[in-house]
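Working notes, beginning with the structure itself.
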Amino acid sequence: MSNASPQITIIGAGITGAAAAYRLSQLGVAADVYETGSNAGGRMARSQLGEAVFDHGAQFFTTRGNEFRTLVEAAETEGATRVWTRGFGEAPDGYERWRGVPDMTALAAWLLAKSEARVYLESPVVDLGQLSASGIILTPPIPVSVSLARDSGLEPPSGLMGRLEAVQYKRTIAVLLVLKGSLRGMPADGGIQLSDDRDLAFITDNYQKGVSSRPALTIHLSNDASLDLWDQTDETIMNFAIARARSWVEVGDVVDQSITRWRYAGPVEVLPESSATWGQEPSLVIAGEAFNGPKVEGAFNSGIDAANRVAEILS
Ligand SMILES: Cc1cc2nc3c(=O)[nH]c(=O)nc-3n(C[C@H](O)[C@H](O)[C@H](O)COP(=O)(O)OP(=O)(O)OC[C@H]3O[C@@H](n4cnc5c(N)ncnc54)[C@H](O)[C@@H]3O)c2cc1C
């Protein structure tokens with residue numbers, strides 16, 4: 001255990017921030033993590049309507065790299081992850097799709113618990129200049145991190161700023177439905193991935209997935225449909241999603257519902273480097289899934305890289 005006072009502050013307790021905290025602990029560097037939300041996980045998100053529980057951001061993750069796979073398997077032995085399925089649809093490809101247990105927030109929470117970082121939930125950072133850190137790792141989506149740095153008078157140099165400002169994000173609207181009775185027509189694993197559907201991207205029955213004790217449907221609109229419907233009323237979006245979902249499953253009576261508009265569902269294109277740094281006292285590192293590989297595993301790898309870089313800069 002490190003007895004040094006914290007020198008590094010991590011903004012965000014999603015998978016990028018959790019990975020960074022974990023690696024800093026391995027390196028013997030103390031860190032503080034500040035998170036706006038009331039739990040870790042970020043866009044690996046959980047939601048609840050009454051007794052119904054939903055994975056309402058990322059639905060699963062893959063493990064291509066050795067380091068990520070090893071950690072996910074270690075988390076599995078402690079009950080925080082498990083393989084959800086080996087492929088969606090009638091001809092599964094056999095490749096493992098993992099999930100958090102009890103829900104998708106679990107992996108980030110597990111990494112933070114394994115780290116020695118101090119985690120401050122419900123603690124949004126509004127001014128980086130107020131932090132007494134010699135290194136700061138920014139992990140929110142790039143536009144959010146860039147605004148925070150700019151508002152704090154710590155913006156990146158113009159060349160990097162231009163590249164960061166050019167990163168665009170796809171949108172996803174998530175529709176959450178609590179159903180009166182059990183759902184008919186779902187595959188046994190409870191997931192339908194719709195790669196070729198114009199309107200929908202994913203349907204999950206969180207009951208069959210094992211997340212919820214009662215039927216709870218997550219419907220992700222496609223990026224195109226999400227963009228088209230972004231400014232429509234919740235009622236319009238809800239009716240659209242239910243009608244389209246009924247092409248795939250028998251959605252019965254809906255007893256409760258909610259909509260989340262994910263403005264930053266994923267980058268359109270990723271930057272080639274794994275993270276980027278600028279400044280001195282504090283040194284800043286910006287990381288996340290927009291660097292060198294999107295999605296959960298890309299975010300994890302970026303968080304590890306960010307921790308390595310900031311530790312090296314400050315050593
Ligand atoms: C709808 C949806 C579906 C997805 N599906 C998949 C999928 O199936 N598989 C997959 O691999 N990936 C999927 N993704 C992408 C995946 O969720 C992300 O790539 C990954 O979770 C990003 O993690 P992150 O830590 O970089 O960012 P985030 O998870 O966004 O974490 C950043 C954290 O920073 C916090 N924060 C922001 N501002 C501040 C501040 N000022 N102070 C303190 N904290 C702050 C936020 O609250 C957040 O918790 C999906 C994303 C969405 C939105």
Side-chain angles (χ1 to χ4, degrees), residues 9-21 32-47 54-64 68 72 84-85 88 97-100 104-105 107-109 111-112 119-128 130-131 136-149 151-152 169-176 191 193 195 200-202 204 209 218-223 226 259-267 270 274-275 286-306:
T9 296
I10 300 169
I11 312 296
I15 191 69
T16 304
D32 286 337
V33 181
Y34 288 91
E35 166 58 48
T36 300
S38 56
N39 55 264
R43 282 171 279 165
M44 299 173 80
R46 169 191 197 276
S47 188
F54 303 80
D55 281 332
H56 77 131
Q59 298 296 304
F60 66 90
F61 50 90
T62 52
T63 55
R64 294 190 164 81
F68 189 51
V72 168
W84 177 15
T85 180
F88 300 101
R97 276 77 168 176
W98 290 78
R99 49 160 291 202
M104 287 295 281
T105 63
L107 181 58
L111 284 167
L112 287 170
V119 182
Y120 301 92
L121 300 174
E122 299 179 341
S123 303
V125 172
V126 293
D127 182 357
L128 299 173
Q130 296 292 312
L131 302 169
I136 299 173
I137 300 177
L138 296 160
T139 75
I142 287 183
V144 179
S145 288
V146 165
S147 290
L148 180 56
D151 293 348
S152 306
Y169 282 78
K170 299 176 262 190
R171 305 172 189 214
T172 295
I173 298 177
V175 171
L176 309 181
Q193 191 166 30
S195 313
L200 301 186
F202 215 98
T204 299
K209 188 178 180 183
T218 301
I219 304 171
H220 282 168
L221 273 56
S222 68
N223 300 135
S226 298
I259 287 181
T260 303
R261 290 173 177 78
W262 291 103
R263 174 63 187 86
Y264 303 111
V270 294
S274 295
S275 65
I286 186 167
E289 105 261 56
F291 290 92
N292 195 22
K295 300 194 173 274
V296 169
E297 183 165 9
F300 171 87
N301 289 334
S302 180
I304 296 288
D305 187 75

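Residue numbers count from 1 along this sequence. Just follow the structure's listing: the first ligand is 1, and inside any ligand the first atom is 1. Computed over heavy atoms, backbone and side chain alike; hydrogens, waters and symmetry mates excluded.
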Would you say [X] and ligand 1 have an N/O pair spaced under 3.5 Å apart?
X    : result
I15  : yes
V296 : yes
R43  : yes

For atom 35 (C) of ligand 1, what is the closest protein heavy atom, and at what distance to 0.1 Å?
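In this structure, atom 35 (C) of ligand 1 has E35 OE1, 3.3 Å as its nearest protein heavy atom.
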Nearest non-hydrogen protein atom, atom 40 (C) of ligand 1:
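Among all protein heavy atoms, the one nearest atom 40 (C) of ligand 1 is T36 OG1, 3.4 Å.
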Only heavy atoms of [X], strictly under 4.0 Å: list the atoms of ligand 1 that pass.
X    : value
E289 : 18 (C), 19 (O), 26 (O)
W262 : 1 (C), 53 (C)
P124 : 42 (N), 43 (C)
G288 : 26 (O)

Test salt bridge (Lys or Arg N to Asp or Glu O under 4.0 Å) applied to D55 and R43, K209, R46, the passing residue
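For D55, the salt bridge (Lys or Arg N to Asp or Glu O under 4.0 Å) test succeeds with only one of R43, K209, R46, which is K209.
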Which option wins on minimum heavy-atom distance to atom 15 (C) of ligand 1: G298, P294, A265?
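The option holding the nearest heavy atom is A265.
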Side chain, backbone, both or neither: H220 near ligand 1, heavy atoms under 4.0 Å
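Just the side chain.
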Which segment of A58 sits under 4.0 Å of ligand 1 when only heavy atoms are counted:
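Under 4.0 Å from ligand 1, A58 contributes backbone and side-chain atoms.
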When the ring planes of F202 and F88 are compared, do they come out parallel, tilted or perpendicular, using 30° and 60° as the limits?
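Perpendicular, since the angle between the ring planes exceeds 60°.
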